[in-house]
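Chain A is the first sequence line, chain B the second, and so forth, proteins listed ahead of strands; every chain is numbered from 1.
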Protein chains: 2
Amino acid sequence: MPLAEKALIARIQKLARRDGHQIVRGIGDDCAVLRRQSGEELVITTDLLIEGTHFSHEWHSADSVGHKCLSRGLSDIAAMGADPIAAFLSLGLPASLPQKWVDDFLRGFLRLAKHYNVTLAGGDIAESKSGIVADVMVVGSVPRGKAILRSGARPGDIIYVTGALGGSAATLQQLMRSKHTRSRLGSRHFYPEPRIAVARYLREKRLATSMIDISDGLSTDLAHICEESGARRNKRAGSLGASIVADLVPIANGADLNLALYGGEDYELLFTAGKSARVPVEIAGVAVTEIGWITKEKGMQLIEGTRKPRRLEVKGWEHFKKV
Amino acid sequence: MPLAEKALIARIQKLARRDGHQIVRGIGDDCAVLRRQSGEELVITTDLLIEGTHFSHEWHSADSVGHKCLSRGLSDIAAMGADPIAAFLSLGLPASLPQKWVDDFLRGFLRLAKHYNVTLAGGDIAESKSGIVADVMVVGSVPRGKAILRSGARPGDIIYVTGALGGSAATLQQLMRSKHTRSRLGSRHFYPEPRIAVARYLREKRLATSMIDISDGLSTDLAHICEESGARRNKRAGSLGASIVADLVPIANGADLNLALYGGEDYELLFTAGKSARVPVEIAGVAVTEIGWITKEKGMQLIEGTRKPRRLEVKGWEHFKKV
């Protein structure tokens, strides 16, 4: 059984204690209190992690689940070109769960928080009658008007991705086949690294016209950029389109093109930049690769060698989708 | 089954669309973007609602669950003397849940949001393999340095509560006995009303030295004020104490002193004010009642008639507490 609620909160409060002049009051009151500087906007995201849907006891160590929980939120902050400030954590825990699981989870969560100088400033704890539930909320900051939205892409913009794709889905495939259970540190499936530094660079240099993080798969997340950017330009004209060159898509070790296009949970950044923008091939140690361009015509297509381009289907992960 | 994720988000986005010059970007990007005014601080709270722990299908209509979900968060915002701005909602839903439940939940949630001019600005949706999970995050605003903390009570301060206590626990008791399932609009158990207007008045008139909302029961929440205020004054001296006069405690219809002292989920405000502060007996249509005073000596006591005062035990709701 986890520690009684009050003792558990006291432990988290002790572990989470960090300097942060922006956090006037952290854990220990009805709300956290944040002081902000003028000229800034706040960006806020929430991400829900549910046992049996997003992770399993068998495959994922508690440390990895803690890391993933925060990393998903940080990745959304990066996707806005913002810097993370504070995190809030709601935990639903079965009464049968050993406190060790909770300690390991917190270690994974707080190690990542420390690395990115994020304060765990509040949250909630309750008993869950069934599986583990971890909902994270992350607050970030961006100079006024400088958030990189999904909706800023223009026809002719070049499409880029960071890192390599399909690695997380490939690991998941291996797990399903072999029941191999080791959580390897360094694997993007177990320990995805949010691309905060890349995002900050893109924002500071004003390079990206639109951005999203790849959580549901390249095809799905690119479709979001096409739709939102089309709607912003001209509601009646509808979505923009995109052409992706298969040979350019960076594929992770152990993955293939299929996993790179449709596999989720890579948490790499997908962004667009003007044709004349000078986007480095590596930013903050992470490869940045051109993979295609935005088109005025609706629909996404995949160009493979010299063959006739084929339609790039939108088939990533979607909850409650009848398949 | 609920609507597929994308359609469900589109529906929520449509329902949630509201004016709000502070919300630069709401649902539809990786994060929401909030613009703030200078001279303000943000207060942030999260509240987790889990089927089987906080509500049951049998007793609570989806409309009431949606209302409670947001109301718990708003009550925390009120407890800081703050004004709510935006809410974020993470929903974990079983695949077997009818979309009607989700629609009714949203109706209850958004009706309350509209009433308090709160924008639903983001969230997350995922499949839950077991019960329903709803985590709400609410962001509020308070003038710089004016948040009313739990830790500001001083010995000699008078203790006040809003409304009447024990009503929610009395309803719960009736439900357990009679299996009566009607969610009555107006009942504080099914439709608790956050005391936003009372809190704003107290902040504007600078009346309260400390404040908390009564979610876990009067005795538990008063203990928080005593502990936090003692720790702030003098870490080594430890907690402050309190004396409560039983005859003064406002008891809700159908409840008794026991439920009023130890029953949770009333979401009334508990606050302290200096002896010379002029606290009205009614604020924004809500009764405000003096029930005791803060003492320098640690420990809480209950004064009943002319009998020898007895110890007021801390026994409210606590998750994972072995009883």
Quiz item: H224(A), E40(A), E228(A), M211(A): which one forms the most heavy-atom pairs within less than 4.5 Å of chain B?
Solution: E228(A)
Quiz item: Relative to chain B, which segment of I77(A) carries a heavy atom at a distance below 4.5 Å: side chain, backbone, both, or neither?
Solution: both
Self-check item: Under 4.5 Å from a heavy atom of chain A, the part of L34(B) involved
Solution: both
Quiz item: Does a donor on one side chain and an acceptor on the other come within less than 3.5 Å for S90(B) and D135(A)?
Solution: yes
Self-check item: Between S130(A), A78(A), S151(A), the one whose heavy-atom pairs under 4.5 Å with chain B are most numerous
Solution: S130(A)
Quiz prompt | Test log, rule side chain to side chain contact (heavy atoms under 4.5 Å, CB included), inputs I44(B) and C31(A) | solution = CA-CA 5 Å; I44(B) 299 180; C31(A) 295; 5.7 Å; no
Quiz item: Out of G122(B), G123(B), A82(B), which one racks up the most heavy-atom pairs below 4.5 Å with chain A?
Solution: G123(B)
Quiz item: Any donor and acceptor pair, going by atom type alone, linking the side chain of D124(A) with main-chain N or O of L48(B) inside 3.5 Å?
Solution: yes
Quiz item: Picking from M80(A), M137(A), E51(A), which has the most non-hydrogen pairs under 4.5 angstrom with chain B?
Solution: M80(A)
Quiz item: Heavy-atom distance under 4.5 Å to chain A: side chain of A79(B), backbone, both or neither?
Solution: both
Quiz prompt | Residues K129(B), I50(A); criterion side chain to side chain contact (heavy atoms under 4.5 Å, CB included); working and verdict | solution = CA-CA 8 Å; K129(B) 295 296 179 194; I50(A) 298 184; 5.7 Å; no
Self-check item: Segment of V133(A) engaging chain B (4.5 angstrom heavy-atom cut-off)
Solution: side chain
Practice problem: For the residue pair T45(B) and D30(A), establish whether any side-chain heavy-atom pair is separated by less than 4.5 Å. | Solution: no
Quiz item: Is it the backbone or the side chain of L42(A) that comes under 4.5 Å from a heavy atom of chain B, or both, or neither?
Solution: both
Self-check item: Contact class of V139(B) relative to chain A, heavy atoms under 4.5 angstrom
Solution: side chain
Quiz item: When rounded to the nearest 0.5 angstrom, what is the spacing between CG in D29(A) and CD1 in I212(B)?
Solution: 7.5 Å
Quiz prompt | Spatial distance of atom CD (E227(A)) from atom NZ (K6(B)) [nearest 0.5 Å] | solution = 3.5 Å
